[in-house]
2 protein chains.
Amino acid sequence: MNTPARLDATFAALADPTRRAILARLALGEATVGELGEPFAMSQPAISKHLRVLELAGLIRRGRDAQRRPCRIEAAPLAEANAWLERYRQLWEMRFDDLDRLLDEMKAAGKPARKPRVRRKS
Amino acid sequence: MNTPARLDATFAALADPTRRAILARLALGEATVGELGEPFAMSQPAISKHLRVLELAGLIRRGRDAQRRPCRIEAAPLAEANAWLERYRQLWEMRFDDLDRLLDEMKAAGKPARKPRVRRKS
DNA sequence: ACCATGCATAACAATCGAGTTATGTAACTC
DNA sequence: GAGTTACATAACTCGATTGTTATGCATGGT
């Protein structure tokens, strides 16, 4: 799986509150499928499906303990997602005036950035 | 839009390489719909749809310049996504042995973490 | 041996997502 | 005012997601 596809899978896996909650639970330590599903008003196969999505995204690994399939979080893909987001950090850490100034600088540097426009009523 | 729903929308918007590329382009400055679509082998309505997804996720804003609809990146939701990921940073920054030690500590602290198991042939 | 536990898998329904082509529309150009 | 540019919107296709119920299956307990 190359990096763009892995980012696809990672972000898609994170785009669901149930799966994010499952990861939050797993951050506290291993848990079985039953333990993971208990907080949710959802059938057990639905939980299994969410776990499969997380597994395919490489965000969890499943072990075996008798009938149990304890899950562990695997945070490496989160690091990649974080690395992608990092490239935009300056864009959200700046205040608005700074942003405008940056865009002006970029425009002055020959980038095809357009003039900031008047904001409509939205 | 409350925070979980906004995270849903943000992560879902990022789970597409076209939209990530559009954001990367917008990080360099404003661009029109045509400029944004030019790198992609895709119809113009498809690009408009991607832009609408980004707009609904609050990741871009659209202005108006005659017939053009220049788009600007709006990085605030990325900050929220980043904040969510940050809570897992220690999980991916640790080496494996450290992770095992942390889980053991958590287990010792009364958390229902299970014993690390023997890894199967996978 | 037999039943219970813990989970996966199959089959299905409903919704969503991403793309298409065709068409509508606002603003500029001449 | 007629055509062009730049984009949006509508209607559709099709595959992927997300949930369900029903069932299968390995393991452990008695």
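Each chain gets a letter, A, B and so on, in the order its sequence line appears, and its residues count up from 1. Since the model is a prediction, treat every value here as computed from it, not as a measurement.
Per the geometry, CG belonging to A/Leu36 stands 9 Å off P belonging to C/dC7, to the nearest Å. The interatomic distance linking A/Phe40 (CZ) with D/dG19 (C1') rounds to 15 Å, in whole Å. Between A/Glu35 atom CD and C/dC7 atom C1' the separation is 13 Å, expressed in whole Å. Separating the CD atom of B/Gln67 from the C1' atom of C/dA27 is a distance of 5 Å, rounded to the nearest angstrom. To the nearest angstrom, C1' of D/dC25 lies 12 Å from CZ of A/Arg69.
Note: B/Arg6 CZ to B/Leu56 CG = 13.5 Å, rounded to the nearest 0.5 Å. Distance CD1/B/Ile73 to CG/B/Leu28: 9.5 Å, rounded to 0.5 Å. In this structure, CZ on A/Arg19 lies 11.5 Å from NZ on A/Lys49, to the nearest 0.5 angstrom.
Contact between the side-chain N/O atoms of B/Ser43 and the OP1/OP2 oxygens of C/dG19 is not found at any separation under 4.0 Å. For C/dA18, the OP1/OP2 oxygens have a side-chain nitrogen or oxygen of B/Arg19 closer than 4.0 Å. OP1 or OP2 of D/dT27 lies within a sub-4.0 Å distance of a side-chain N or O belonging to A/Arg64. Neither OP1 nor OP2 of D/dC7 sits under 4.0 Å from any side-chain N or O of B/Arg62. Proximity of B/Arg68 to the phosphate of D/dA6: a side-chain N or O atom is located under 4.0 Å from OP1 or OP2.
Within residues 45-60 of chain B, the residues having any heavy atom closer than 4.0 Å to DNA chain D are, in order of number, B/Pro45, B/Ser48, B/Lys49. Interface residues of residues 6-13 of chain A facing DNA chain D, ordered by number: none; criterion, heavy-atom separation under 4.0 Å.
A donor-acceptor pair under 3.5 Å is formed between the side chain of B/Arg69 and the backbone N or O of B/Gly63. In this structure a side-chain-to-backbone donor-acceptor pair under 3.5 Å is missing from B/Arg25 to B/Glu35. Within the 3.5 Å criterion, the main-chain N or O of B/Leu14 finds a donor-acceptor partner in the side chain of B/Arg20.
A/Arg61 pairs in a salt bridge (charged side-chain N to carboxylate O under 4.0 Å, His left out) with only one of the listed residues (A/Glu74, A/Glu30, A/Glu55), which is A/Glu74.
For A/Asp16 and A/Gln44, each mapped to the nucleotide of DNA chain D holding its nearest heavy atom, the one lying further toward the 5' end belongs to A/Asp16. In this structure, A/Ala66 and A/Ala41 both approach DNA chain D, and ranking their closest nucleotides by distance from the 5' end singles out A/Ala41.
Among C/dC7, D/dA26, C/dT20, the nucleotide with an atom closest to any side-chain atom of B/Met42 is C/dT20.
Residues A/Ala81 and A/Thr10 share a closest heavy-atom pair of CB-CG2, 4.1 Å.
By the neighbour-count criterion of 12 heavy atoms within 6.0 Å, atom CZ of A/Arg89 is densely surrounded, having more than that number from other residues, nucleotides or ligands.
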